[in-house]
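Note that the structure is predicted; figures quoted are calculated from it, not measured.
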Amino acid sequence: MTDRLTTSPATVGYDDPQPRMAFFTDTTVCIGCKACEVACKEWNDVPAGEMALTGFSYDNTVGLDADNWRAVHFIEQRIPQIRRDGEAGLFVDGELDITRADGDGRVASVDSASDQGFRWLMSSDVCKHCTTAACLDVCPTGALFKTEFATVVLQDDICNGCGYCVPACPYGVVDRRSDDGGAYKCTMCYDRLKGGMEPACAQSCPTDSILFGTYEDMRAAAAERLDEVVEAGYVGAQLYGADEANGVDGCGAFFLLLDDPEVYGLPPDPIAATKFLPGVWRAVGAAALGMGAVIVGAVVAGRRA
């Protein structure tokens, strides 16, 4: 399974095979500075867009869209009264919902936000660059293609604005602009990758929350970091998007989360619906053949009568 994901489809159709490249976003060290958002917009000439000041959150990006290819989420998570004397760290209502603990499992410190009944969870979201990319499967013009790095790129000059890719994406990443009708999303800075450079967002991150490298290296780094975080007391920590058996056959961008995916606005069980198309067409073909046989039989029987 791993060999298939790391060498195909990255090398199919390319004379110069390249390793699969990937993002690993460690949300535990994200400080919400939004440097990645700014760097992405500046390098890719993405419009500034409008800030969504809802009055309910400091998160003014809200989500990924045609004008936000990176979106730093500010999640103000209200929590019940914290019991501070737990043997394994901080517990919420007696459950292992760890907020902060030191390496020995004892409480290290509690910030003022937690004292006031909430905590900050921050995460820089991006296109997942799926192994099985439904957006690519439904594109009728070839505007979406898989690069030699196994990343999924959308070419705005080829896009005809049909919008099929928008509902096809299980993560809600792809979006169309109202002015030109074209669809847009993260390209993992394909032009920089071809020049041997890392994506602008990863280069600009001051805390190394966004790491970039080969798929194998990023998976190893993610697994190692998860072990560290769990050992430090965050027993609810989990990797998102790293499972090669998920609904998109693995992602080229995965995340270390401190809570369930839904808390971060991520679907818990994303599925590329196009994976089922071959089976659907086989069923349709079988039904058509069966119907044809019934019609032929009826005609023959009618003639004999």
Side-chain angles (χ1 to χ4, degrees), residues 18-53 57-75 120-130 135 144 147-157 169 171-177 179-180 182-215 217-218 221-222 225 240-241 251-257 264-266:
Q18 298 292 327
R20 183 176 189 180
M21 307 303 289
F23 283 128
F24 165 47
T25 300
D26 181 355
T27 68
T28 68
V29 294
C30 177
I31 59 175
C33 68
K34 291 183 176 282
C36 55
E37 285 190 17
V38 175
C40 175
K41 286 178 177 291
E42 186 175 46
W43 180 265
N44 295 290
D45 196 24
V46 178
E50 297 182 1
M51 293 298 182
L53 300 177
S57 172
Y58 287 102
D59 183 355
N60 56 20
T61 307
V62 178
L64 298 170
D65 56 37
D67 294 336
N68 293 287
W69 299 359
R70 270 275 180 189
V72 178
H73 297 304
F74 285 58
I75 302 165
W120 292 99
L121 297 176
M122 297 180 181
S123 173
S124 180
D125 198 9
V126 72
C127 171
K128 311 309 179 288
H129 294 275
C130 309
C135 60
L144 280 148
T147 74
E148 63 269 39
F149 304 102
T151 58
V152 181
V153 170
L154 199 163
Q155 305 167 98
D156 58 275
D157 57 334
C169 175
Y171 298 99
V173 168
V174 190
D175 185 39
R176 297 167 65 194
R177 288 182 186 157
D179 55 354
D180 62 14
Y184 297 86
K185 74 169 195 69
C186 161
T187 66
M188 205 182 276
C189 288
Y190 181 43
D191 53 344
R192 293 173 65 95
L193 265 59
K194 290 191 294 184
M197 304 167 64
E198 65 179 338
C201 57
Q203 186 179 52
S204 68
C205 182
T207 63
D208 287 335
S209 172
I210 303 173
L211 299 178
F212 174 78
T214 66
Y215 181 82
D217 288 348
M218 292 301 96
R225 179 58 177 161
Y240 180 81
C251 300
F254 30 91
F255 305 77
L256 173 57
L257 307 180
Y264 295 83
L266 296 168

(message) Quick check against the 3.5 Å criterion: does Thr61 have a side-chain atom that pairs as donor or acceptor with the backbone of Gly63?
(response) no

(request) Kindly write out the residues that satisfy salt bridge (charged side-chain N to carboxylate O under 4.0 Å, His left out) with Lys41, not counting sequence neighbours, or none if the list is empty. (result) none

(message) Using 0.5 Å steps for rounding, measure from the CZ atom of Arg20 to the OG1 atom of Thr147.
(response) 10.0 Å

(request) Begin from the C-alpha positions of Cys169 and Lys128 and carry the test side-chain contact (heavy atoms from CB on, under 4.5 Å) through to its verdict. (result) CA-CA 10 Å; Cys169 175; Lys128 311 309 179 288; over 6 Å; no

(message) Under the rule for side chain to side chain contact (heavy atoms under 4.5 Å, CB included), what residues qualify as partners of Cys135, not counting sequence neighbours?
(response) Ala133, Leu144, Val152, Cys165, Val174

(message) Which residues pass the salt bridge (charged side-chain N to carboxylate O under 4.0 Å, His left out) test with Arg192, not counting sequence neighbours?
(response) none

(request) With sequence neighbours excluded, tell me which residues meet salt bridge (charged side-chain N to carboxylate O under 4.0 Å, His left out) with Lys185. (result) none

(message) Could you tell me if the side chain of Tyr215 sits less than 4.5 Å from the side chain of Phe254, heavy atoms only?
(response) yes

(request) Among residues two or more places apart or on two chains, list those pairs meeting salt bridge (charged side-chain N to carboxylate O under 4.0 Å, His left out) that have a residue in residues 64-75. (result) Asp67-Arg177

(request) Go through the structure and list residues passing side-chain hydrogen bond (donor to acceptor under 3.5 Å, both in side chains) with Tyr184, not counting sequence neighbours. (result) Asp180

(request) Please identify each residue that fulfils ring pair (Phe, Tyr, Trp, His ring centres under 6.0 Å) with Phe212, with sequence neighbours left out. (result) Phe23

(message) Quick one: does any side-chain atom of Ser204 pair with a main-chain N or O of Ala200 as donor and acceptor, under 3.5 Å?
(response) yes

(request) Report the distance from atom CE of Met188 to atom SG of Cys127, rounding to the nearest 0.5 Å. (result) 7.5 Å

(request) Using side chain to side chain contact (heavy atoms under 4.5 Å, CB included) as the criterion, list what pairs up with Cys205, not counting sequence neighbours. (result) Thr207, Ser209, Ile210

(request) Name all residues meeting the ring pair (Phe, Tyr, Trp, His ring centres under 6.0 Å) criterion together with Tyr190; count only those two or more places apart in sequence or in a different chain, and write none if there are none. (result) Phe145

(request) Go through the structure and list residues passing side chain to side chain contact (heavy atoms under 4.5 Å, CB included) with Arg225, not counting sequence neighbours. (result) Phe24, Asp26, Thr28, Val29, Glu228, Val229, Leu256

(request) Could you list the residues that satisfy side-chain hydrogen bond (donor to acceptor under 3.5 Å, both in side chains) with Asp191, not counting sequence neighbours? (result) Trp43

(request) Kindly give the heavy-atom pair with the smallest separation between Ala66 and Asp175, and that separation in Å. (result) N-OD2, 3.1 Å

(request) First locate atom NZ of Lys34, then atom CG of Asn68, and finally report the distance between them rounded to the nearest 0.5 Å. (result) 8.0 Å

(request) Calculate, to the nearest 0.5 Å, the distance between atoms CZ and OG belonging to Phe255 and Ser124 respectively. (result) 7.5 Å

(request) Compare all side-chain heavy atoms of His129 with those of Cys186 and state whether any distance is below 4.5 angstrom. (result) yes

(request) Measure the spacing between CH2 of Trp120 and SG of Cys30 and express it to the nearest 0.5 Å. (result) 12.0 Å

(request) Report yes if the side chains of Leu64 and Tyr171 come closer than 4.5 Å at any heavy-atom pair, otherwise no. (result) no

